[in-house]
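Each remark here refers to the structure printed beneath this line.
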Amino acid sequence: MLDRLVDLMLNCRNCVVLTGAGISAESGVPTFRGKEGLWRKFRPEELATMEAFVANSKLVWEWYNWRRTLMGEVKPNPGHYALSELEKIAENFTLITQNVDGLHHMAGTEQILELHGNIYRNKCVGCDSQFSEEDIDPDNIPVCPKCGGKIRPDVVWFGEMLDPEVIQEAYHRSEQADIFLSVGTSAVIHPAASLPVVAKQYQATLVEINPEPTPLTDLADFCFTAKSGEFLPELVSRLKDTLTSGS
Ligand code: BV8
Ligand code: ZN
């Protein structure tokens, strides 16, 4: 099955990869819905929503500061690096990520669509001004020097629209995909989870790489029950061997 995938990838023009929290699991970042998941202690509605932020800004900030500190200590894993290698090999490559941890960027990938924002960026709820991490005093709810509005993490919360340009580009690339890899996502969060379905509707070969089944599994043409940090380096090294041997 892996050899067939390597063949397909060698002949594909547009390769699109969607990643979720699972690709960062082997870096030590807890996933959302796994057994050690982030949501285990809290429910998404409690924290990753504007209502929660208005009701209890301090709790939401504490949660994001905890995650930021955690993410600040972790490094990309072989799965992230394999995708930055794949970007160099593929003719056209697009990485679409639901993750806010910045690890794909750290691993050297250039073409990244961050669907759900980035935990290291902040913005004002009043005037949308951007603030970098060092502007934020983690112990007090930071307020905007321009308009006095509360500053929040620049991530997409539940019930919030994704950046229209980002999601439009993600749909466009998914429609153009010859091969669409869904890696380390439980495929339950929308609209991200609809991208692989759209790719499949537009005749892409759909590949799922995930240790447990998801709503995508039955739709996928290839399904590898594997950890991304193990599978992706294997896939990329096979691709490179085939390319260098010229076979
Ligand atoms: C919106 C950012 C509405 C912040 C997050 C249509 C249908 C159904 C529901 C909806 C719909 N449209 C909207 C909704 C509601 C909602 C939604 O989808 N709800 C779900 C619960 C049903 N969607 C929204 O609210 C979205 N907004 O659509 O607005 C709207 C529309 C029009 C006009 C106005 C408004 C916004 C969604 C974004 C929410 N933000 N996070 C933050 O990070 O704090 S979501 C959060 O979930 C993260 O971004 C995360 O990435 C994302 C998805 O989770 P996964 O990445 O998949 O992680 P998970 O833990 O679930 O899975 C990990 C997988 O990895 C597992 O399968 C595991 O087996 C695997 N794994 C483990 N180890 C490894 C591994 N894989 C590989 N290797 C390993 N080693
Ligand atoms: Zn402001």
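Along the sequence shown, residues carry numbers from 1.
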**Prompt:** Would you say the side-chain atoms of W61 pair up with the backbone N or O of I151, donor to acceptor, closer than 3.5 Å?
**Reply:** yes
**Request:** Look at the aromatic rings of F224 and F231 and report parallel, tilted or perpendicular, splitting at 30° and 60°.
**Result:** tilted
**Fill in**
For G28 and L70 the tightest heavy-atom approach is O-CD2, 4.5 Å
**Prompt:** Can any side-chain N or O of E208 pair as donor or acceptor with the backbone N or O of A220 at less than 3.5 Å?
**Reply:** no
**Asked** With the 4.5 Å side-chain cut-off for hydrophobic clustering, are L235 and I179 part of the same group?
**Response** yes
**Item:** Close side-chain approach of Y64 and L47, heavy atoms under 4.5 Å
**Value:** no
**Request:** Compare all side-chain heavy atoms of N122 with those of P142 and state whether any distance is below 4.5 angstrom.
**Result:** no
**Fill in**
Rounded to the nearest 0.5 angstrom, the OG-CD distance for S84 and E87 is 7.5 Å
**Message:** To check you understand the geometry: which heavy-atom pair defines the closest contact between G72 and Y120, and what is its length?
**Reply:** N-OH, 3.4 Å
**Prompt:** Same cluster or not: are L232 and L243 linked, directly or through other Ile, Leu, Val, Met, Phe, Trp or Tyr residues, by side-chain heavy atoms under 4.5 angstrom apart?
**Reply:** yes
**Interatomic spacing from CE in M9 to CG in L2 - rounded to 0.5 Å** = 10.0 Å
**Prompt:** Between the main-chain N or O of V29 and the side-chain N or O of S27, is there a donor-acceptor pair closer than 3.5 Å?
**Reply:** no
**Asked** Is any side-chain heavy atom of I167 less than 4.5 Å from a side-chain heavy atom of P191?
**Response** yes
**Asked** When rounded to the nearest 0.5 angstrom, what distance separates CZ in R173 from CZ in F180?
**Response** 12.5 Å
**Asked** Below 4.0 angstrom, N of the basic side chain to O of the carboxylate: do D101 and R67 qualify?
**Response** no
**Asked** Quick one: are E62 and N65 in side-chain contact, heavy atoms under 4.5 Å?
**Response** no
**Asked** Would you say N99's side chain and G20's backbone share a donor-acceptor pair under 3.5 angstrom?
**Response** yes
**Asked** Are I96 and L219 in one and the same hydrophobic cluster, where Ile, Leu, Val, Met, Phe, Trp and Tyr link if side-chain heavy atoms are under 4.5 Å apart?
**Response** yes
**Message:** Could you measure the distance from the CG atom of D178 to the CG atom of L8? Nearest 0.5 Å is fine.
**Reply:** 9.5 Å
**Request:** Say whether, by atom type as modelled, one donor and one acceptor occur between the side chain of T49 and the main chain of A52 under 3.5 angstrom.
**Result:** yes
**Message:** Do D221 and V207 have side chains that approach each other closer than 4.5 Å (heavy atoms only, starting at C-beta)?
**Reply:** no
**Prompt:** More than 12 foreign heavy atoms under 6.0 Å from CD of E91: is that the case here?
**Reply:** yes
**Complete:** Distance col, row Q98:CD vs E114:CD, nearest 0.5 angstrom, shows 12.5 Å
**Prompt:** Do V6 and V183 sit in the same hydrophobic cluster, where Ile, Leu, Val, Met, Phe, Trp and Tyr count as joined when their side-chain heavy atoms come under 4.5 Å apart?
**Reply:** yes
**Prompt:** Tell me, do S174 and Y202 make a side-chain contact under 4.5 Å, heavy atoms counted?
**Reply:** no
**Request:** Walk me through it: do I23 and L83 pass the test side-chain contact (heavy atoms from CB on, under 4.5 Å)?
**Result:** CA-CA 10 Å; I23 194 161; L83 290 182; 3.5 Å; yes
**Prompt:** Under the criterion side chain to side chain donor-acceptor pair (under 3.5 Å), which of T19, N118, T109, T185 is the partner of T97?
**Reply:** T19
**Request:** Work out which heavy atom in A82 is nearest to a heavy atom in V236; give both atom names and the distance.
**Result:** O-CG2, 3.5 Å
**Item:** Ionic contact status for K123 with E160, cut-off 4.0 Å
**Value:** no
**Asked** Between the main-chain N or O of Q201 and the side-chain N or O of Q203, is there a donor-acceptor pair closer than 3.5 Å?
**Response** yes
**Message:** Please report the interatomic distance CZ(F222) to CG(L181), rounded to the nearest 0.5 Å.
**Reply:** 10.5 Å
**Request:** Kindly say whether N92 contributes a backbone atom to a donor-acceptor pair with the side chain of R13 at under 3.5 angstrom?
**Result:** no
**Request:** Report yes or no: do V143 and F53 belong to one cluster of Ile/Leu/Val/Met/Phe/Trp/Tyr joined by side chain heavy-atom distances under 4.5 Å?
**Result:** no
**Prompt:** Considering the options D163, V156, V100, L195, which one meets the side-chain contact (heavy atoms from CB on, under 4.5 Å) requirement together with L115?
**Reply:** L195
**Item:** Heavy-atom side-chain contact between T94 and Q176 under 4.5 Å
**Value:** no
